[in-house]
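Data first, discussion second: the structure below is written as structure tokens.
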Amino acid sequence: MTFQSRVYSLCKQVPAGKITTYKAIADTLGSKGYRAVGNALNKNPDLKTIPCHRVVNKVGRLALGYAFGGPGEQKMRLLSEGVVFVDENHVDLQKCQITQCGHMMISK
DNA sequence: ACATTGACAATTA
DNA sequence: TTAATTGCCAATG
């Protein structure tokens, strides 16, 4: 199992209306390479099977170089799924992020 | 095998 | 508080 395979698996496990962060993913994978996560998603082979639009950075800010149609597209998708935005490009981490508070961190 | 790149994060100024 | 620098990991040239 390669690194990106795990990243993809985690992304696919994020339910609609919810989001996760690069940090969470990297942490779950037991790696500190947050960039590596984004790197993997960057070359995501299939946008349909990999909802990378639900992955945001630690402040809930949408990814910059979203390989799809820009952050605008990503934002639209998130809104469609019911994700709450607190700012132009910031999602409500309090409600939408899969927190580890319930230590329900994305499964491995 | 080495150097560079990249959808990030934490620290320092 | 905002801006710039450094650190990390994996992939790619």
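Just so we're on the same page: letters track the sequence lines, and every chain starts at 1.
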Worked check of side chain to side chain contact (heavy atoms under 4.5 Å, CB included) between Leu93(A) and His90(A): CA-CA 8 Å; Leu93(A) 294 172; His90(A) 291 73; over 6 Å; no
For Leu10(A) and Leu29(A), run side chain to side chain contact (heavy atoms under 4.5 Å, CB included): C-alpha distance rounded to whole Å, both residues' side-chain angles, the deciding distance at 0.1 Å, then the answer. CA-CA 9 Å; Leu10(A) 294 175; Leu29(A) 293 179; 3.7 Å; yes
Between Cys11(A) and Ile25(A), does a side chain to side chain contact (heavy atoms under 4.5 Å, CB included) hold up when you go through it step by step? CA-CA 8 Å; Cys11(A) 288; Ile25(A) 294 176; 4.1 Å; yes
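Between Gln4(A) atom CD and dG6(B) atom C1' there is a gap of 14 Å when expressed in whole angstrom units. One interatomic measurement links the two molecules: CG of Asn42(A) to C1' of dC9(C), which rounds to 15 Å at whole-angstrom precision. Look at CG on Asn57(A): it is 13 Å from C1' on dA10(B), rounded to the nearest Å. A straight line from CG of Leu78(A) to C1' of dA7(B) spans 13 Å, rounded to a whole angstrom. If you take CZ of Arg77(A) and P of dA7(B), they are 19 Å apart, rounded to a whole angstrom. One interatomic measurement links the two molecules: CZ of Arg61(A) to P of dA9(B), which rounds to 11 Å at whole-angstrom precision. If you measure from atom OH of Tyr34(A) to atom P of dT5(B), you get 23 Å, rounded to the nearest angstrom. Per the geometry, CZ belonging to Arg35(A) stands 13 Å off C1' belonging to dA10(B), to the nearest Å.
Judged purely by atom type and a 3.5 angstrom limit, Asn44(A) uses its side chain to pair as donor or acceptor with the backbone of Leu41(A).
Relative to the side chain of Leu41(A), the nucleotides dA11(C), dA7(B), dC9(C) differ in distance, and dA7(B) lies closest. When the nucleotides dA9(B), dG7(C), dA11(C) are ranked by their closest atom to the side chain of Lys23(A), dA9(B) comes out on top.
Contact annotation: Thr21(A) does not reach the phosphate of dA9(B) (side-chain N/O to OP1 or OP2, under 4.0 Å). For Lys32(A) and dA10(C), the shortest distance from a side-chain N or O to OP1 or OP2 is not below 4.0 Å.
Atoms CG and CD, on Leu79(A) and Gln74(A) in that order, are 10.5 Å from each other to the nearest 0.5 Å.
With hydrogens and angles ignored, a donor-acceptor pair closer than 3.5 Å exists between the side chain of Tyr22(A) and the base of dA7(B). Side-chain atoms of Asn39(A) stay outside donor-acceptor range of the base of dA11(C), with no qualifying N/O pair under 3.5 Å.
When each of Lys58(A) and Val37(A) is assigned the nucleotide of DNA chain B bearing its nearest heavy atom, the one mapping closer to the 5' terminus is Val37(A).
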